[in-house]
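Working notes for the structure below.
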Amino acid sequence: MSKDKKTGGKPTDEKSAKDTHYATLRRAHRDSKRERGEIPTPPPQKRRRGAEDWKPPTLAPEQVYLYGLHTVRAALDNKERKNVKLSVTQNALARLEIDADSLGIPVEIVAPHDIDKLLGPDAIHQGVMLETRPLPVRRLEALRDSPLLLVLDQVTDPHNVGAIMRSAVAFNAGAVITTQRHSPTESGVLAKSASGALELIPYIQITNLADALGELHKLGFFTIGLDSEGPAPLEGTFSGDKVALVLGSEGKGLRQKTRETVSALARLDMPGAIKSLNVSNAAAIALYAARLHLKA
């Protein structure tokens, strides 16, 4: 008599299939939570084989590669996206839960290493990559009816900008405005960090920040620059029914010209021993405070 029969257990192959099924479900649930930013992506313990020799392909100005299940799904749902081609593994296509025939673009079934060749062996692409075009350029004039905007003064890290986008969408900001220089352009890294938020909020890159702030003033916005040395707490600085929060770069903070141009400077009061926060965390707190003011 077999061990399975003695113990009343199920045959080994049946148990293995069931274990594999539940492992797949657990992995999908974990990936989904990471895509939504609910749990962190663990840092790589070591560079994957071939990472040292990989060189990124040269992309045309209008060529963008987006990757990751949640990111690509959001891009495919965005009517303003002009998509070119979807490259996806058979397993990832099933997890995307889309009708490939209705996309109107070529869908290529590939192996994971085929995507690695384009994105690099360290990219967490989850077996899916979308070749697309940049989103349409937005103008500041279109934001006159938005009560809350977020302005970034040369925030350079695309991971930070992506996290800021998520907070901006969560608090229903009308746009994220940033400079063309010393700021990340639309890219796979930015979109992956934003986890779908890039498709839900305008990302406007302007040439001159001081001029843009002046234009926002003409549109009726009260602009507040966040500064750790600001003369007053943020919650006592708000004014009016249209607010634009301005945050500086990760290291230097707001530039002098920006300080001189905003309507007011303010600080986040922090009673603890640490007096500064990562720019994405500061943005989330400031957006929450701004929403309280606008609801009052």
Side-chain angles (χ1 to χ4, degrees), residues 61-64 66 71 74-75 77-83 132-226 240-250 253-255 257-259 261-263 279-280 282-284 286-287 290-291 294:
E62 294 297 304
Q63 194 174 24
V64 177
L66 302 182
T71 301
D77 288 340
N78 187 356
K79 302 301 181 184
E80 295 189 353
R81 274 282 177 199
K82 187 174 182 181
N83 298 317
T132 185
R133 298 288 181 256
L135 288 167
V137 175
R138 306 292 185 92
R139 304 297 179 187
L140 296 181
E141 296 88 346
L143 305 175
R144 61 174 63 250
D145 296 327
S146 299
L148 179 59
L149 303 176
L150 202 56
V151 183
L152 306 180
D153 185 8
Q154 297 190 347
V155 177
T156 58
D157 188 340
H159 298 91
N160 277 335
V161 176
I164 288 169
M165 279 187 174
R166 284 183 55 81
S167 295
V169 171
F171 289 103
N172 201 30
V176 173
I177 301 167
T178 188
T179 54
Q180 288 182 349
R181 296 185 62 193
H182 306 293
S183 298
T185 58
E186 186 177 331
S187 68
V189 175
L190 175 62
K192 186 71 160 60
S193 300
S195 191
L198 179 62
E199 312 301 325
L200 301 174
I201 188 170
Y203 182 55
I204 302 176
Q205 293 190 285
I206 44 84
T207 304
N208 186 292
L209 184 56
D211 290 346
L213 290 173
E215 188 172 347
L216 292 179
H217 293 156
K218 292 178 182 178
L219 293 173
F221 284 91
F222 187 79
T223 58
I224 304 177
L226 270 292
D241 56 2
K242 296 169 73 173
V243 174
L245 299 166
V246 188
L247 291 93
S249 64
E250 293 89 342
L254 297 173
R255 291 175 293 166
K257 182 64 174 178
T258 305
R259 294 168 184 267
T261 308
V262 294
S263 306
V279 64
S280 63
L287 285 164
R291 272 293 160 200
L294 294 171

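Throughout, numbering of the chain's residues begins at 1 and tracks the sequence. Remember, predicted model here, so these are calculated numbers, not experimental data.
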Among Ile206, Thr258, Ile204, Leu216, find the residue that satisfies the side-chain contact (heavy atoms from CB on, under 4.5 Å) test when tested with Val151.
Leu216

On a heavy-atom basis, which atom in Ala168 and which in Ile201 lie closest, and how many Å separate them?
CB-CD1, 3.6 Å

Using side-chain heavy atoms (C-beta onward) and a distance below 4.5 Å, is Tyr203 in contact with Pro184?
yes

Indicate the atoms forming the closest heavy-atom contact of Leu143 with Phe221, along with that distance.
O-CZ, 3.4 Å

For Leu66 and Ala75, work out which heavy atoms get closest and say how close.
CD1-CB, 3.7 Å

Go through the structure and list residues passing side chain to side chain donor-acceptor pair (under 3.5 Å) with Asp211, not counting sequence neighbours.
none

Any side-chain heavy atom of Arg255 sitting closer than 4.5 Å to one from Leu209?
yes

Residues 240-247, side-chain donor-acceptor partners within the protein, below 3.5 Å, at least two apart:
{"from": "Lys242", "atom 1": "NZ", "to": "Arg144", "atom 2": "O", "distance (Å)": "2.6"}
{"from": "Lys242", "atom 1": "NZ", "to": "Leu219", "atom 2": "O", "distance (Å)": "2.5"}

Taking the side chain from Thr261 and the backbone from Lys257, do they hold a donor-acceptor pair closer than 3.5 Å?
yes

Validation: residues 172-181 side-chain donor-acceptor distances under 3.5 Å, sequence neighbours left out:
{"from": "Thr178", "atom 1": "OG1", "to": "Ser183", "atom 2": "OG", "distance (Å)": "2.9"}
{"from": "Thr179", "atom 1": "OG1", "to": "Arg181", "atom 2": "O", "distance (Å)": "2.8"}
{"from": "Thr179", "atom 1": "OG1", "to": "Ser183", "atom 2": "OG", "distance (Å)": "2.9"}

Of the non-hydrogen atoms in Val169 and Ala197, which two are nearest, and what is the gap between them?
CG2-CB, 3.8 Å

With Arg81, which residues qualify under side chain to side chain donor-acceptor pair (under 3.5 Å), at least two apart?
Glu186, Glu199

Which residues pass the side chain to side chain donor-acceptor pair (under 3.5 Å) test with Asn83, not counting sequence neighbours?
Thr132

Once you round to the nearest 0.5 Å, how far does CG of Asp153 lie from NE2 of His182?
10.5 Å

Return the minimal non-hydrogen interatomic distance between Leu190 and Pro158, and the atom names on each side.
CD1-O, 3.5 Å

Would you mind writing out the side-chain donor-acceptor pairs for residues 133-141 within the sub-3.5 Å range, not counting sequence neighbours?
{"from": "Arg133", "atom 1": "NH1", "to": "Glu62", "atom 2": "O", "distance (Å)": "3.3"}
{"from": "Arg138", "atom 1": "NH2", "to": "Glu80", "atom 2": "OE1", "distance (Å)": "2.6"}
{"from": "Arg138", "atom 1": "NH2", "to": "Glu80", "atom 2": "OE2", "distance (Å)": "3.4"}

CZ of Arg166 to OG of Ser280: how many Å apart, nearest 0.5 Å?
11.5 Å

Consider only side-chain N and O atoms of Thr223 and His217, and report whether a donor and an acceptor are under 3.5 Å apart.
yes

CG (Asp157) and OG (Ser193) are apart, to the nearest 0.5 Å, by 7.5 Å

Heavy-atom closest pair, residues Ala283 and Ile164
CB-CG1, 4.0 Å

To the nearest 0.5 Å, atom CD of Gln154 lies from atom OG of Ser249 at 6.5 Å

